[in-house]
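Letters go in sequence order (proteins before strands), and every chain restarts at 1.
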Amino acid sequence: MSDIITVTLPDGSQKQTARGTTIADFVRESIGPGLAKAALFARVNGQDMDLARKLDEDVKLQIFTPKSPESLELIRHDAAHVVASAVQKLFPGTQVTIGPATEEGFYYDFFREKPFTPEDLEKIEAEANAELKRDMAFVRTEISMDEAVRLFEEKGEKFKVEIVKDIAAKGAKTLTLYTHGDWVDFCLGPHAPSTGKIGIIKILSSSGAYWRGDHRNPMLQRVYGTAFFDKKQLAEYLTRIEESKKRDHRKLGKELDLFHFHPYSPGSAFWTPKGTTLYTTLSNWMRQLTQNDGYVEIKTPLMFNKGLWETSGHWGKYKENMFLVLDSESGEHDFSLKPMNCPSHHLFYGFKKHSYRDLPLRYHTQDVLHRNEAAGSLGGLTRVRQFAQDDAHIYCTEAQITDEVRRFVKLLDHVYKAVGLTYAVKLSTRPEQRLGDDSLWDRAEGGLKAALESLGLEYELAPGDGAFYGPKIDFAVSDSIGRRWQLGTMQLDYLAPERFDLTYVGEDNAEHRPVVLHRAIFGSFERFTAILIEHFAGAFPAWLAPIQAVLVTVADRQNDYARKVRDSLRAKGYRVEFDERGMSMNAKIREAQLQKVPFTLVVGDNEVSGEGVSPRRYGGEDLKTMKVTDFEALLAKEAALP
RNA sequence: GCCGGUGUAGCUCAGCUGGUAGAGCAACUGAUUUGUAAUCAGUAGGUCGCGGGUUCAAAUCCCGCCGCCGGCCCCA
């Protein structure tokens, strides 16, 4: 065996080096001291490693520096270690658990009696950043599992011992430790060469979190933070957080007067006239789109006897989340407000005998639903107790699934594109808590997979995330400031037709089982409205804007004319207001801009004599004075439903 | 439901170590009639989230409940 190995770099070039050379030495000697200094970690044959690791065979090597996007995740993980060591230094007796990097930063969960106060967090941040200045090396060592258990037992780290034992139970023989200064944790790595590479650590918040996410377990204290290579990047991040707070739909909901909440009905919104316009515009839009796509709309009861929920399986699996209604005759909670539409649609399907010629049968519904969500989880419009989905259930044959999925994706794509949302696709498979046997799940998952693949859609697999009655395709959208929301969904259900004994008569004159597709695009009107408010920062396109144009007169003598223009535009179906309050013209224009109304129409003597208006777009762009009829044509174009 | 924070006028907020509440904007009234982001003056508006307790005295201190906010869990 030769003592010389070949290293292949990302550009395809190859270098020779002695077997056993560390990556750091190889980079310094064979590539250059500049890269060696900047390097944070390496990817060797696809596996991420510390720079201190040795090269033992011919490899493909890639070096990451602060310029690589992957490096942020690395230093955030480094930062989690540093924060944990800082916390244990400042608060002796605190036990450590886990501390992963997240999309925006990292967190670390600690076990201690007292929660951290804001002052504690400041101290932690100061100490963590002091540790960065000390520039301590991250040193990797390996020990046996028995030694590891002993090590953490000696330290009194009960949670660590539990994790080590779990890892051992999975068959691991050794454990990798990382030490910086005198603080040690086990971790797969890799880490940066030293704490000085991290740049800056910012502690953001703290909260409670259950050990392993289970509410029966002890409550841990979670510290959230983030890390960047320099102060400027951190400042940009904090600015971005501030910006997104300005778009928060709860804040804009107040400023633009869209909705309210009252303590007497937590989690259920009151919609103002403007908010209602938003809501019904979306509702009518979805009606039109589904109708054009071969759906029929139906309405079913809001409240049902528990018999329905027993048939559907909700009584067993979902009762906790249902609002039960006391039946005064029986004295029992025999009724429940519906938390989902599906069971009532299945009943509806069963009212008639269906032929294969009826299929696919697409029922659309926008009925109100109630779910008794945990009090602590309610928030704004994104998590409510009363809401409506743009729901539909498609009853079809197994052979029609692929076509129906394709058709649905096309509709969904139209909707998301119209409002400027991009999306990613996820296929969720059987969860642990489920109804139905494995052969049913095999067919259901296979059916969706086949449909996605026939569409050539890229998708991510999420094992275990399916609904209890079937697998699903989820569509996660990204809004204008890069946040992700799970909205659209298509769920395949072989189980409900069995439970509800749904049938159709086939060409062979025999009875067959249809399959059911549950699907939604908005998800719920409430959540979708919230997302659009934030996505557009309240500045809605004209077709969606609660008020499309506001008239402002220069002086009172134009008021009659302004009323006439308002009425004629209203008669054509546009949402137009005339601001008649006793304020100055400038104040009214300012107000219209703050309310983000798409068009402000200024009217003075010139406009009166020329039968025109002078429109100004939201944002300040002045359009030239134009005839009212020309403005109408402009509005007609921009106010049309997409 | 759990952990932590928080709750003063329609909105945004002040009110220090306890001495029975204040500003700006909005509203209302009057004056002003103005050409593209705040005209001026005046008036009115509050059981300080709710219920107990401590105290001569509570927005302020203590307890309970409710809501909201940040998380956990769950999820459209």
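- Considering only side-chain atoms of A:Asp556, the nucleotide from B:rG35, B:rU33, B:rG1 that sits closest is B:rU33.
- One P atom belongs to B:rC65, the other to B:rG70, and the distance between them is 22 Å to the nearest Å.
- If you take atom C1' in B:rA58 and the same atom in B:rC62, they sit 11 Å apart, rounded to whole Å.
- B:rG67 and B:rU6 make up a base pair, with Watson-Crick or G-U wobble contacts both under 3.5 Å.
- The side chain of A:Arg616 contributes an N or O atom lying less than 4.0 Å from OP1 or OP2 of B:rA37.
- Residue A:Tyr224 places no side-chain N or O under 4.0 Å from the OP1 or OP2 atom of B:rC3.
- Of all nucleotides listed (B:rC66, B:rA76, B:rC3), B:rA76 comes nearest to the side chain of A:Ser524.
- The aromatic rings of A:Phe111 and A:Phe159 sit tilted, their planes meeting at an angle between 30° and 60°.
- Base pairing annotation: B:rC40 forms a Watson-Crick or G-U wobble pair with B:rG30, both donor-acceptor distances under 3.5 Å.
- Comparing the P positions of B:rA23 and B:rG46 gives a spacing of 14 Å, expressed to the nearest Å.
- For A:Arg616 and A:Glu621, the salt-bridge test fails: no basic side-chain N is under 4.0 Å from an acidic carboxylate O.
- Across all strands, A:Gly604 comes closer than 4.0 Å to base atoms (heavy-atom distances).
- Only the P atoms considered, B:rG1 is 15 Å distant from B:rG64, to the nearest whole Å.
- If you take CG of A:Leu594 and P of B:rA37, they are 11 Å apart, rounded to a whole angstrom.
- Stacking of A:Phe528 onto the six-membered ring of B:rA76 is not present when judged by under 5.5 angstrom between centres and under 30° between planes.
- Checked against a 6.0 Å centroid threshold, the rings of A:Tyr224 and A:Tyr108 do not count as neighbours.
- Using the Watson-Crick or G-U wobble rule with both distances under 3.5 Å, B:rU55 pairs with nothing in any strand shown.
- Rounding to whole angstrom units, CD of residue A:Gln595 and P of B:rA26 are separated by 13 Å.
- Pairing for B:rG35 is absent, with no Watson-Crick or G-U wobble pair whose two atom distances lie under 3.5 Å.
- Side chain A:Arg581 to base B:rA26: no donor-acceptor pair is found below 3.5 Å.
- Not one side-chain nitrogen or oxygen of A:Lys588 sits closer than 4.0 Å to the OP1 or OP2 atom of B:rA38.
- In this structure, the nucleotide among B:rG35, B:rU33, B:rA76 sitting nearest to the side chain of A:Val384 is B:rA76.
- Put simply, A:Arg617 has no side-chain N or O that comes within less than 4.0 Å of OP1 or OP2 on B:rU36.
- Donor-acceptor pairing under 3.5 Å, judged by distance alone, is present between the side chain of A:Glu607 and the base of B:rG35.
- Remark: B:rU47 base-pairs with no nucleotide in the shown strands. Criterion, Watson-Crick or G-U wobble with two distances under 3.5 Å.
- In this structure, the CE atom of A:Met340 is 7 Å from the P atom of B:rA76, given to the nearest Å.
- Side-chain contact between A:Val597 and A:Tyr618 is absent, with no heavy-atom pair separated by less than 4.5 Å.
- A:Arg527 contributes a side-chain N or O that forms a donor-acceptor pair with the base of B:rC75 under 3.5 Å.
- On a pure distance criterion of 3.5 Å, a polar donor-acceptor pair joins the side chain of A:Tyr210 and the base of B:rC2.
- Between the side chain of A:Arg222 and the base of B:rC3 there is no donor-acceptor pair of N/O atoms closer than 3.5 Å.
- Ring planes of A:Phe522 and A:Phe525: perpendicular class, angle over 60° (limits at 30 and 60°).
- Side-chain atoms of A:Pro115 lie closest to B:rG4 of the nucleotides B:rG4, B:rA76, B:rU34.
- For A:Ala587, the side-chain atoms get nearest to B:rU39 when compared with the rest of B:rA76, B:rU39, B:rG35.
- Picking from B:rU33, B:rA76, B:rG1 the nucleotide with the shortest atom distance to the side chain of A:Lys472 gives B:rA76.
- Classified by interplanar angle (parallel below 30°, tilted 30° to 60°, perpendicular above 60°), the ring pair A:Tyr416/A:Phe528 is parallel.
- A gap of 27 Å separates the C1' atoms of B:rG30 and B:rU36, to the nearest Å.
- For B:rG24, the paired nucleotide is B:rC11, the pair qualifying as Watson-Crick or G-U wobble because both relevant distances are below 3.5 Å.
- The aromatic rings of A:Phe228 and A:Tyr237 sit tilted, their planes meeting at an angle between 30° and 60°.
- Ion pair A:Arg566/A:Glu577 not flagged as a salt bridge, since none of the NZ, NE, NH1 or NH2 atoms sits closer than 4.0 Å to an Asp/Glu carboxylate oxygen.
- Comparing A:Ala374 and A:Thr489 by the nucleotide of RNA chain B whose heavy atom lies nearest to each, the residue mapping closer to the 5' end is A:Ala374.
- Distance A:Phe475 CZ to B:rA76 C1': 15 Å, rounded to the nearest Å.
- When Watson-Crick and G-U wobble pairs are counted only if both distances are under 3.5 Å, B:rG1 pairs with B:rC72.
- On a pure distance criterion of 3.5 Å, no polar donor-acceptor pair joins the side chain of A:Asn586 and the base of B:rU36.
- Annotation: A:Phe387 is not in aromatic contact with A:His370 [ring centroid separation under 6.0 Å not met].
- Of the P atoms belonging to B:rG7 and B:rC61, the separation is 10 Å, rounded to the nearest Å.
- Picking from B:rG35, B:rC75, B:rG71 the nucleotide with the shortest atom distance to the side chain of A:Arg371 gives B:rC75.
- Checked against the 6.0 Å centroid threshold, A:Tyr363 and A:Tyr295 do not count as a close aromatic pair.
- Between A:Ser584 and B:rU39 there is a side-chain polar atom (N or O) within less than 4.0 angstrom of OP1 or OP2.
- For the pair A:Glu591 CD and B:rU36 P, the interatomic distance rounds to 19 Å; values are reported in whole Å.
- Nucleotides of RNA chain B nearest to A:Arg250 and A:Tyr618 differ in position, and the one nearer the 5' end is that of A:Tyr618.
- One interatomic measurement links the two molecules: NE2 of A:His314 to P of B:rA76, which rounds to 11 Å at whole-angstrom precision.
- For the P atom pair drawn from B:rA21 and B:rG49, the interatomic distance equals 14 Å after rounding to whole Å.
- If you take CD of A:Glu526 and P of B:rC75, they are 19 Å apart, rounded to a whole angstrom.
- Atom CZ of A:Phe110 and atom C1' of B:rC72 are 17 Å apart (whole Å).
- With P as the reference atom, B:rC66 and B:rA27 are 37 Å apart, rounded to whole Å.
- Distance from the side chain of A:Gln221 is smallest to B:rC3 among B:rG67, B:rU36, B:rC3.
- Comparing B:rG70, B:rA76, B:rA37 against the side chain of A:Arg590 picks out B:rA37 as the nearest.
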